[in-house]
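Heads up: the structure comes next, in structure tokens.
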Amino acid sequence: MKGQALELISEIHLDWKRHVARALAPHGITPKQIFLLRKLKQSATLTPSEVAVLIHGDRPSTTSMLDTLERSSWICRQRDPSNGKRVIITLTDAGMEKLASVPERLWRSGKVPSDPESCLERDEREELTRLLQKMHRCMNANPQER
């Protein structure tokens, strides 16, 4: 029984990711790309290291993704005027247009008919979220805190 929950979480995540990737493909954007554009819209600027944390990527894959987004003119990388060593990433007008051009129903949890949460009642979703948060805290806690 141990490990079964994590295996199911992985399967659900991968199935959802495949579904969203197929839905986004005709729009010329990937799930990670739209996720990052949404995060940039929310926070105005991010650093490459913040992006790496958000997408759970290493430095080379994050740089490659940022290169792709910059070539598409969806983001802009520039030196931070207050700290010339630091690079900041901003969403461009073209990035805002791209984000607006992709219907939320294709990628937004809660709006897609095949959303894995759609079969759960509100209280079940809340309980599942509570349990997943507990697992996440446990996984990221120091061994002394367990």
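These numbers come from the heavy atoms of this one structure, side chains and all, not from hydrogens, waters or symmetry mates. As the structure is a prediction and not an experimental result, all values here were calculated from the model.
- Atom-to-atom distance recorded for T45:OG1 and E50:CD is 7.0 Å, nearest 0.5 angstrom.
- Side-chain rings of H13 and W16 stay apart, their centers remaining 6.0 Å or farther from each other.
- Looking at H27 and P103, their side chains come closer than 4.5 Å, going by heavy atoms from C-beta outward.
- Contact check for P48 versus T63: no side-chain heavy atoms found under the 4.5 Å cut-off.
- V53 and V51 fall into different hydrophobic clusters, defined by Ile, Leu, Val, Met, Phe, Trp and Tyr side-chain heavy atoms under 4.5 Å apart, directly or through other members.
- Within 6.0 Å of the CD atom in Q78, the count of heavy atoms belonging to other residues, nucleotides or ligands exceeds 12.
- The salt bridge (charged side-chain N to carboxylate O under 4.0 Å, His left out) search around R18 returns D15, not counting sequence neighbours.
- A donor-acceptor pair under 3.5 Å is formed between the side chain of R79 and the backbone N or O of K85.
- Looking at I29 and L37, their side chains come closer than 4.5 Å, going by heavy atoms from C-beta outward.
- Atom CD of E121 has 12 or fewer heavy atoms from other residues, nucleotides or ligands within 6.0 Å.
- A distance of 11.0 Å separates SG of C138 from NE2 of H136, quoted to the nearest 0.5 Å.
- Under a hydrophobic-cluster definition in which Ile, Leu, Val, Met, Phe, Trp and Tyr are linked whenever side-chain heavy atoms come within less than 4.5 Å, directly or via other members, L91 and F35 are assigned to the same cluster.
- For the side chain to side chain donor-acceptor pair (under 3.5 Å) condition, the pairs that include at least one residue of residues 86-103, sequence neighbours left out, are D80-R86.
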Worked check of salt bridge (charged side-chain N to carboxylate O under 4.0 Å, His left out) between R130 and E126: CA-CA 6 Å; R130 186 187 69 74; E126 288 171 359; over 6 Å; no
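- Side-chain atoms of L128 and E117, non-hydrogen and from C-beta on, never get closer than 4.5 Å to each other.
- Under the 4.5 Å side-chain heavy-atom criterion for ILVMFWY residues, no single connected hydrophobic cluster contains both L6 and I12.
- Without hydrogens or angle criteria, T129 side chain to R125 main chain gives a donor-acceptor distance under 3.5 Å.
- Interatomic distance, CD of E127 versus CG of L132, reported as 10.0 Å (0.5 Å rounding).
- Cluster membership check: L46 does not share its hydrophobic cluster with I88, using side-chain heavy-atom separations under 4.5 Å among Ile, Leu, Val, Met, Phe, Trp and Tyr.
- With hydrogens and angles left out, the side-chain atoms of R71 and T68 include a donor and acceptor closer than 3.5 Å.
- Put simply, CD on Q33 and CE on M65 are 5.5 Å apart, with the number rounded to the nearest 0.5 Å.
- D67 CG to T62 OG1: the interatomic distance, rounded to the nearest 0.5 Å, is 10.5 Å.
- Summarising the geometry of I55 relative to K32, their closest heavy-atom pair is O-NZ, 3.5 Å, with the distance given to 0.1 Å.
- The distance from atom CD of Q42 to atom CZ of R38, rounded to the nearest 0.5 Å, is 6.5 Å.
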